[in-house]
Amino acid sequence: MLDPHLFRTDIDAVQVQLKRRAVEFDVERYTQLEKRRKAIQVKTQALQNEKNVISKSIGQAKAKGEDTQPIFDKIGGLGDELKAAEVELAQIQADMLAIMEALPNILDASVPAGKDEDENIELSQWGEKPQFDFEIKDHVDLGVLHQGMDFETGAKITSARFVVLKGQIARLQRALIQFMLDTHIDEHGYDETYVPFIVNADSLYGTGQLPKFADDLFKVSAEPDLYLIPTAEVPVTNIVRDEILEADSLPLKMVCHSPCFRSEAGAYGRDVRGLIRQHQFEKVELVQIVKADESEQAHEALTADAENILQKLGLAYRKVLLCAGDTGFSSTKTYDLEVWLPGQDKFREISSCSNFKDFQARRLKARWRNPETGKPELVHTLNGSGLAAGRTLVAILENYQTVSGDIEIPKVLQSYMGGLTVIKV
RNA sequence: GGAGAGGUGGCUGAGUGGCCGAAAGCGGCGGUCUUGAAAACCGUUGAAGGUUUAUCCCUUCCAAGAGUUCGAAUCUCUUCCUCUCCGCCA
């Protein structure tokens, strides 16, 4: 949610900013609503005040044993008038909220113009793409060859876009998760965090998935409204919902492994083959809660933490700054890390690191108390994948394959694989 | 799932229709005292919004929502949550 104050002080700037996202914001309509809101709020509060004063005087009169009838005569139609004003005010506030909560975050000044992923800016590349002097296989062929990846059975048990992993392939994914968690905890200073994988609607509202993106979620209960998490970002960030944090407790740095569930509505026909786009996948998520003036630096650091995993795994990747049209709804600025996948001859997203500034915090009512003013201030929230484990598994298989179809295990994972150095066919 | 008890400010905890946004204690902040600190004492201390140059003032908020009433933390209904006991169970 954007700052309502901004809408009252510089609404034209809001419009200009939203235009970068190709969002048409109707200033005229909003201004009209705001004008009516103010008038009716003032009227409502005046009526409420009148009611309070009269009611209070009845209480005082009764206490003194005076006749209250003259006071009751003054009330007249006040109640009905007040009720009507309150209803109208509530309606206008609901209309304005509906507009506000559908608006995306304002982009950082450094975000380049552009309408889709083709206009993202590559900032850097790391590592060498492996050279193969044989006909390479993609991760599906490799997984099947090792009898460790079974999409047919996944479809039988559930539906398309689910998979069964077995044997060393399954273990390799688990090794990746453990390695990522340990690295973030021991080297990058994150707190290990375990959370519910089912969340309520308030939590999804807080991080911005609801009300706009309900179609992407799996709903598991209607009463109460409960959903499977699309990412650990939701439960982890919601730890600070409705909280006023002490200054010395910040920054909060949390790392959490979880399964993620996405309905992938609107992704029909995309990445139908393999593990790239599943309804259920494993991810290690980094979340930071920081003071406002620290979030940009934290964003760089968090991204570097994710990059460090790729570097330790020896996977070639590039860092991309998302353009205006590709940056997510709640984000001011997003770096994507794209890993090299030989099977696709392409870089593919494996991590997305975003700075939400106060956008989520405003929805979450997540604040910290500034000792200098004594007043609560909104925190800034950030998160990033560190990394998506399913896609990392894909990258390991494809980048570390040999002519015979064996998979060499990167040094840092070997201890997590019981000392194994290569997964043989 | 069955039975019962509850949800009040940063925390503990009073308050069962009328100066209650809420006693008291703890904590926090400021001060007195002290070489300094502690103790003691005094004062102060919730959030959101409106109006305002600012102060003042006003509105809303006692789990959430609806209702009764001139007036609700307090009465009624619904929902959610927590705790205790029983049952079931990884």
Side-chain angles (χ1 to χ4, degrees), chain A residues 1-9 30-31 33-97 99-101 194-206 210-211 219-227 235 238-250 252 259 289 358 361-379:
Chain A
M1 188 101 69
L2 295 169
D3 184 359
H5 188 67
L6 203 58
F7 286 70
R8 283 181 224 126
T9 52
Y30 188 90
T31 310
L33 276 172
E34 169 62 15
K35 241 170 106 177
R36 273 181 61 210
R37 190 219 101 237
K38 191 175 271 186
I40 289 161
Q41 181 161 341
V42 168
K43 179 183 169 193
T44 303
Q45 292 190 354
L47 289 169
Q48 284 170 330
N49 184 26
E50 199 178 332
K51 179 200 78 176
N52 289 344
V53 168
I54 289 173
S55 294
K56 201 163 270 186
S57 67
I58 290 173
Q60 287 167 343
K62 275 197 170 169
K64 291 183 206 154
E66 294 169 359
D67 181 18
T68 55
Q69 191 54 46
I71 307 176
F72 274 96
D73 292 342
K74 282 201 295 190
I75 294 169
L78 181 62
D80 290 340
E81 205 185 340
L82 173 58
K83 179 130 274 180
E86 281 176 338
V87 167
E88 191 177 359
L89 180 61
Q91 184 56 52
I92 288 178
Q93 286 175 328
D95 289 347
M96 294 182 76
L97 182 64
I99 293 173
M100 294 290 282
E101 66 192 6
Y194 175 83
V195 293
F197 301 150
I198 294 175
V199 293
N200 58 35
D202 286 345
S203 293
L204 288 158
Y205 179 84
L210 288 181
K219 190 169 190 170
V220 292
S221 160
E223 191 60 46
D225 258 8
L226 297 175
Y227 302 80
N238 272 277
I239 287 172
V240 297
R241 170 154 57 87
D242 295 323
E243 298 290 337
I244 300 175
L245 304 162
E246 292 303 322
D248 60 11
S249 71
L250 298 177
L252 288 178
I289 312 293
D358 61 15
R362 188 168 292 107
R363 289 173 165 238
L364 292 161
K365 295 189 179 66
R367 293 161 293 174
W368 66 288
R369 193 175 297 281
N370 187 340
E372 288 176 23
T373 59
K375 291 293 173 191
E377 298 177 12
L378 292 170
V379 298

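Numbered from 1 within each chain, the chains take letters A, B, ... in sequence-line order.
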Inset, instruction - Examine B:rG46: is either OP1 or OP2 under 4.0 Å from a nitrogen or oxygen in the side chain of A:Arg369? Give yes or no. - result: no
Legend entry - For B:rU69, the Watson-Crick or wobble counterpart (both distances under 3.5 Å): none
Inset, instruction - Look through every strand shown and name the nucleotide pairing with B:rC20 as Watson-Crick or G-U wobble, where both distances are under 3.5 Å. - result: none
Inset, instruction - State, yes or no, whether a side-chain contact exists between A:Leu364 and A:Glu243 at a heavy-atom distance under 4.5 Å. - result: no
Inset, instruction - Return the nucleotide paired to B:rA40: Watson-Crick means purine N1 to pyrimidine N3 with N6-O4 or O6-N4, wobble means G-U with N1-O2 and O6-N3, both under 3.5 Å. - result: B:rU32
Inset, instruction - Using a heavy-atom cut-off of under 4.0 Å over every strand shown, decide if A:Asn200 touches base, sugar-phosphate, or nothing. - result: nothing
Inset, instruction - Please figure out whether A:Phe72 or A:Pro4 has its closest RNA chain B nucleotide nearer the 5' end. - result: A:Pro4
Inset, instruction - Select base, sugar-phosphate, or nothing to describe what A:Arg367 touches, counting heavy atoms under 4.0 Å on all strands. - result: sugar-phosphate
Legend entry - Salt bridge A:Lys83-A:Glu86, side-chain N to carboxylate O under 4.0 Å: no
Legend entry - Check: A:Gln45/A:Asn49 side-chain N/O donor and acceptor closer than 3.5 Å: no
Inset, instruction - Work out which heavy atom in A:Arg367 is nearest to a heavy atom in A:Val379; give both atom names and the distance. - result: C-CG1, 3.8 Å
Legend entry - Phosphate OP1/OP2 of B:rG50 contacted by A:Arg8 side-chain N/O (<4.0 Å): yes
Legend entry - Side chain A:Arg363, main chain A:Tyr205, donor-acceptor under 3.5 Å: yes
Legend entry - Whole-Å gap separating P (B:rU52) and CD (A:Gln45): 13 Å
Legend entry - Flag side-chain contact, heavy atom, 4.5 Å: A:Leu33 against A:Ile99: yes
Inset, instruction - Counting Watson-Crick and G-U wobble pairs only, both distances under 3.5 Å, name the nucleotide matched with B:rA3, or none. - result: B:rU84
Inset, instruction - Please tell me if the side chains of A:Val199 and A:Asn238 come closer than 4.5 Å, counting only heavy atoms from C-beta onward. - result: no
Legend entry - Residues in contact with RNA chain B, drawn from residues 55-62 of chain A - heavy-atom cutoff 4.0 Å: A:Ser55, A:Ile58, A:Gly59, A:Lys62
Legend entry - Counterpart base for B:rG46, defined by Watson-Crick or G-U wobble contacts under 3.5 Å: B:rC61
Inset, instruction - With the side chain of A:Lys38 defined as its heavy atoms from C-beta on, choose the nearest nucleotide among B:rG50, B:rU51, B:rU59. - result: B:rU51
